[in-house]
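Presented below is the structure to which this report refers.
Computed from heavy atoms alone, side chains included, the values below leave out hydrogens, waters and symmetry copies.
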Amino acid sequence: MLKSHSCGELRDEHIGDVVTLAGWVDRRRDHGGLIFIDLRDREGIVQVAFDPEKSASSHEVAGDLRNEYVVKIIGEVVRRPSGTENSRLPTGQIEITAREVSILNPSKTPPFYINEETDVDESLRLKYRYLDLRRPRMKANILFRHKTVKFIRDFLDAAGFIEVETPILIKSTPEGARDYLVPSRIHPGEFYALPQSPQQLKQLLMVAGLEKYYQIARCFRDEDTRADRQPEFTQLDLEMSFIDEEDILVLFEELFTSLVETLKPGTRVKRPFPRIGYADAMDRYGSDKPDLRFGMEIKDLSDIVAQSDFSIFRNTVADSGRVKGICAPGCAHYSRRQLDELNRLAQDFGAGGLVTIALGDSTGKLDDLTMAMVKSTAAKYLTIDEIKRMASSLQAGLGDLLLIVAAAPDLVNTVLGRLRQELGNRLGLADPDALSFAYIVGFPLLRKDNASGQWTSEHHPFTAPWPEDIPLLDTAPAKVRGRHYDMVCNGYEIGGGSLRIYTSELQKKVFRLLGYTDEEITERFGHMLEAFEFGAPPHGGIALGIDRIVMLMVGAETIREVIAFPKNQAAMDLTMNAPSPVTEEQLSDLHISLREE
RNA sequence: GGCCCCGUGGUGUAGCGGCCUAACAUGCCACCCUGUCACGGUGGAGAUCGCGGGUUCAAAUCCCGCCGGGGUCGCCA
């Protein structure tokens with residue numbers, strides 16, 4: 001090693017030691033006669049003093065140092081003179097008196113600040129990601145991610161799980177997300193696919209008798225990116241044999257509770273994690289991944305306004321739509337402009353419009369509300385009794401603003417759900433120091449595809465139906481519930497899993513329901529069906545987005561902040577400039593010719 | 001593919017029809033400075049305001065198109 005200690009570890013007890021340090025110049029303070037530099041390595045920062053009376057040659061070299069130069073310094077750890085201690089640095093009681101310094105490598109002036117927390121254009125950060133990662137916040141994120149994964153591995157190891165690697169080059173299946181394809185040189189015209197998840201392989205590991213498997217698995221999906229979605233991402237993938245739902249849900253509740261307690265003490269986590277039915281979540285929060293850090297629940301007002309003079313409400317209910325609302329606390333004072341914006345949001349979300357009812361400026365009891373205090377474009381069509389009943393249903397008081405949407409049942413929920421989340425964010429209702437975990441259960445097994453009218457899996461085709469619903473597969477597929485569970489936190493879906501089908505017969509039945517011919521079933525899934533005929537144990541599992549949970553724990557806005565080398569929105573790696581063209585020779589080896597577009 | 005937001009010295013911002021020969025902070029360069037720690041002081045260099053077109057007597061500023069970036073809907077078994 002070029003160094004005897006790391007910069008950040010030095011303390012009082014090292015006083016008197018002669019140490020060799022190596023790192024980067026974080027900052028230089030040149031007093032002419034006396035020069036200080038803050039020397040930075042992975043573990044922290046320590047001040048080095050260059051005194052010409054102690055070492056003239058070192059002082060001379062120090063004059064040439066600039067930010068981000070890489071240097072090696074030999075010097076003595078000394079107590080700082082009284083009154084010059086720096087309590088903001090862990091090493092602030094001591095400093096290094098330089099005896100020798102050598103420049104291991106100079107540095108160009110960086111394109112952005114390393115030693116200051118300012119927002120920098122993200123493209124520039126990604127181009128120079130190796131510099132971005134030197135910055136304290138990114139360094140802390142990457143370190144936190146390491147600790148998270150290490151905790152998970154230790155926890156699962158102690159619980160009897162074994163980590164197994166599964167292949168990255170696997171078989172393409174057209175269902176699900178778009179695959180990343182890898183052409184085969186040896187088999188002209190044939191392709192591998194990168195795994196969207198190790199789903200089938202982990203089930204086969206259960207057939208293999210591993211009983212408890214996990215993997216920190218890289219997954220690939222060729223779909224558009226989002227703040228919480230990347231073309232490649234990392235899952236904690238897990239599968240167990242001889243279990244029911246309870247085993248997985250309890251295991252993960254314990255895992256995540258202890259993870260947060262260990263790595264983020266002080267974070268509020270509620271136990272047990274609530275379990276909410278899918279239909280219930282949609283009715284109350286308008287989302288299957290509700291942010292439960294605040295209430296603002298959606299209430300059904302249809303009965304109150306079914307006979308109203310307000311024709312939009314009355315007609316919607318008569319046409320088997322619903323009228324529902326939420327209460328924005330303390331927002332009765334909203335200006336015309338703010339209300340217009342909410343209305344526009346509601347329209348962007350797919351509603352015809354939004355009815356707002358402001359319940360007076362003052363605070364007080366709902367009983368005191370008079371028509372004169374109400375501000376609403378619908379006021380002249382509504383009675384004070386109707387308004388009071390709606391407000392009461394929404395647990396609103398004077399000074400609150402009611403947001404009401406009339407639309408088809410599913411649409412009304414999703415529109416209000418998104419308004420709820422938007423208002424929750426704007427009003428700061430969500431506790432930033434809380435991680436509000438919950439399980440969503442009772443998903444339908446199947447869903448009608450809008451375009452084709454074909455049944456598709458809500459989760460994936462290996463999800464087992466609830467045993468009592470199996471007969472409905474023949475009569476009413478829409479009513480079949482899957483043994484599927486999602487794990488949500490603060491408005492994000494952070495994981496999902498299910499108990500699996502483990503008999504060939506039931507699996508075939510589901511494939512047929514999904515519209516596959518027997519030939520297609522054999523071609524695509526024959527290996528699974530055959531495996532199930534060799535004593536497959538009952539099994540189930542879960543997969544959890546590592547990027548998202550780390551993002552939530554460090555309070556980042558995007559998962560790019562917790563990935564060392566993420567892709568941008570256009571799925572490009574700006575550090576290495578990928579993707580990029582390849583040579584004609586490479587294409588030729590792969591038996592590929594490019595199409596004219 | 002749709003919608004929304006953003007492009008001004010290296011970096012981050014201000015300016016939103018004439019006062020712009022583009023301001024501020026920081027960074028950079030030079031000199032001065034022996035107890036600073038976002039050190040301080042003096043001086044200096046650095047931007048045809050993303051690109052193209054249009055409106056106007058006059059455009060960083062208004063309009064249109066394009067390019068780049070971000071958010072989101074679709075998409076994500």
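Atoms CG (A/Asn67) and P (B/rU26) sit 15 Å apart, rounded to a whole Å. When rounded to the nearest whole Å, the span between CG of A/Asp348 and P of B/rG74 equals 13 Å. One atom, OH of A/Tyr69, and another, P of B/rG27, lie 16 Å apart when rounded to the nearest Å. Regarding A/Asp26, its CG atom lies at a distance of 13 Å from the P atom of B/rG27, rounded to whole Å. When rounded to the nearest whole Å, the span between CZ of A/Phe112 and C1' of B/rC28 equals 17 Å. If you measure from atom CG of A/Asn115 to atom C1' of B/rA25, you get 15 Å, rounded to the nearest angstrom. B/rC76 atom C1' lies 17 Å from atom CD1 of A/Ile494, rounded to whole Å. Regarding A/Asp547, its CG atom lies at a distance of 15 Å from the C1' atom of B/rC76, rounded to whole Å.
Across the P atoms, B/rG50 and B/rC16 are found 16 Å apart, a figure rounded to whole Å. Taking the C1' atoms as reference points, B/rU55 lies 32 Å from B/rG1, given to the whole Å. Separating the C1' atom of B/rA23 from that of B/rC5 is a span of 25 Å, rounded to the nearest Å. Rounded to whole Å, the separation between the C1' atoms of B/rG27 and B/rG44 comes to 14 Å. For the C1' atom pair drawn from B/rG41 and B/rA47, the interatomic distance equals 27 Å after rounding to whole Å. Comparing B/rU48 with B/rC20, their C1' atoms sit 13 Å apart, to the nearest whole Å. For the C1' atom pair drawn from B/rA59 and B/rC75, the interatomic distance equals 41 Å after rounding to whole Å. Spacing of P atoms, B/rA58 relative to B/rC19, comes out at 14 Å, to the nearest Å.
Among residues at least two apart or in separate chains, ring-ring contact (aromatic ring centres under 6.0 Å, His included) pairs with a member in residues 34-89 of chain A are A/His31-A/Phe36.
A side-chain contact (heavy atoms from CB on, under 4.5 Å) with A/Val48 is found for exactly one of A/Ile35, A/Leu65, A/Val71, A/Leu39, namely A/Leu39.
At the heavy-atom level, A/Gln196 lies nowhere under 4.0 Å from the strands shown. Residue contacts shown for A/Arg524 are absent, as no nucleic acid heavy atom lies under 4.0 Å away. Among the heavy atoms of the strands, none lies under 4.0 Å from A/Arg125. The residue A/Thr173 sits apart from the nucleic acid: no heavy atom pair falls under 4.0 Å.
The residue among A/Phe462 and A/Arg560 whose nearest nucleotide of RNA chain B lies closer to the 5′ end is A/Arg560. For the pair A/Leu574 and A/Glu458, both in contact range of RNA chain B, the more 5′-proximal nearest nucleotide belongs to A/Leu574.
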Could you go through nucleotides 5-8 of chain B and list every protein N or O atom that sits under 3.5 Å from one of its N or O atoms, giving the distance for each pair?
none

Would you tabulate the pairs of protein nitrogen or oxygen atoms and nucleotide nitrogen or oxygen atoms of nucleotides 12-16 of chain B closer than 3.5 angstrom?
residue	atom	partner	partner atom	Å
B/rG12	OP1	A/Asp121	N	2.7

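Counting only distance, with no hydrogens or angles, the side chain of A/Asp179 and the backbone of A/Arg221 share no donor-acceptor pair below 3.5 Å. Not a single donor-acceptor pair under 3.5 Å links the side chain of A/Arg29 to the backbone N or O of A/Ile37.
Applying the Watson-Crick and G-U wobble criteria (two distances, each under 3.5 Å), B/rC24 pairs with B/rG12. Pairing partner, B/rG65: B/rC51, with both Watson-Crick or wobble hydrogen-bond distances short of 3.5 Å. B/rC3 is paired with B/rG71 under the criterion used here, namely a Watson-Crick or G-U wobble arrangement in which both key atom distances are under 3.5 Å.
Across residues 217-226 of chain A, A/Arg221, A/Glu223, A/Asp224, A/Arg226 each have a non-hydrogen atom less than 4.0 Å from an atom of RNA chain B (numbered order).
Within 6.0 Å of the CG atom in A/Asp12, the count of heavy atoms belonging to other residues, nucleotides or ligands exceeds 12. By the neighbour-count criterion of 12 heavy atoms within 6.0 Å, atom CZ of A/Phe220 is densely surrounded, having more than that number from other residues, nucleotides or ligands.
The existence of a salt bridge linking A/Glu561 and A/Arg125 is confirmed by a sub-4.0 Å separation between a basic side-chain nitrogen and an acidic carboxylate oxygen. Taking 4.0 Å as the cut-off between side-chain N and carboxylate O, A/Glu43 and A/Lys139 do not count as a salt-bridged pair.
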> Between A/Lys567 and A/Glu232, is a salt bridge (charged side-chain N to carboxylate O under 4.0 Å, His left out) present by the stated rule, with each step listed?
Replying inline: CA-CA 9 Å; A/Lys567 308 225 173 350; A/Glu232 56 179 303; 3.0 Å; yes
>> Run the salt bridge (charged side-chain N to carboxylate O under 4.0 Å, His left out) test on A/Arg418 and A/Glu422 for me, step by step, so that the C-alpha distance in whole Å, both residues' side-chain angles and the decisive distance to 0.1 Å come before the verdict.
In response: CA-CA 6 Å; A/Arg418 293 173 65 181; A/Glu422 180 66 30; over 6 Å; no
> Checking ring pair (Phe, Tyr, Trp, His ring centres under 6.0 Å) for the pair A/Phe532/A/Tyr502: CA distance, chi angles, key distance, verdict?
Replying inline: CA-CA 6 Å; A/Phe532 290 163; A/Tyr502 59 94; 7.8 Å; no
>> I need a per-nucleotide contact map over nucleotides 34-48 of chain B, read 5' to 3'. Cutoff is protein heavy atoms under 4.0 Å; write B for the base, S for backbone only, - otherwise.
In response: BBBBSB---------
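Qualifying ring pair (Phe, Tyr, Trp, His ring centres under 6.0 Å) partners for A/His527, counting only residues two or more places apart in sequence or in other chains: none.
Nearest heavy atoms, A/Leu133 versus A/Ala564: CD1-O, 3.9 Å. Looking at every heavy atom in both residues, A/Thr463 comes nearest to A/Arg483 through CG2-N, 3.9 Å. Nearest heavy-atom pair, A/Asn67 versus A/Asn115, reported as atom, atom and distance to 0.1 Å: ND2-ND2, 3.7 Å. Of all the heavy atoms in A/Gly541 and A/Tyr485, the pair that sits closest is O-OH, 2.9 Å.
At a cut-off of 3.5 angstrom, counting only N and O atoms as typed in the model, there is a donor on one side and an acceptor on the other between the side-chain of A/Arg229 and the base of B/rC75.
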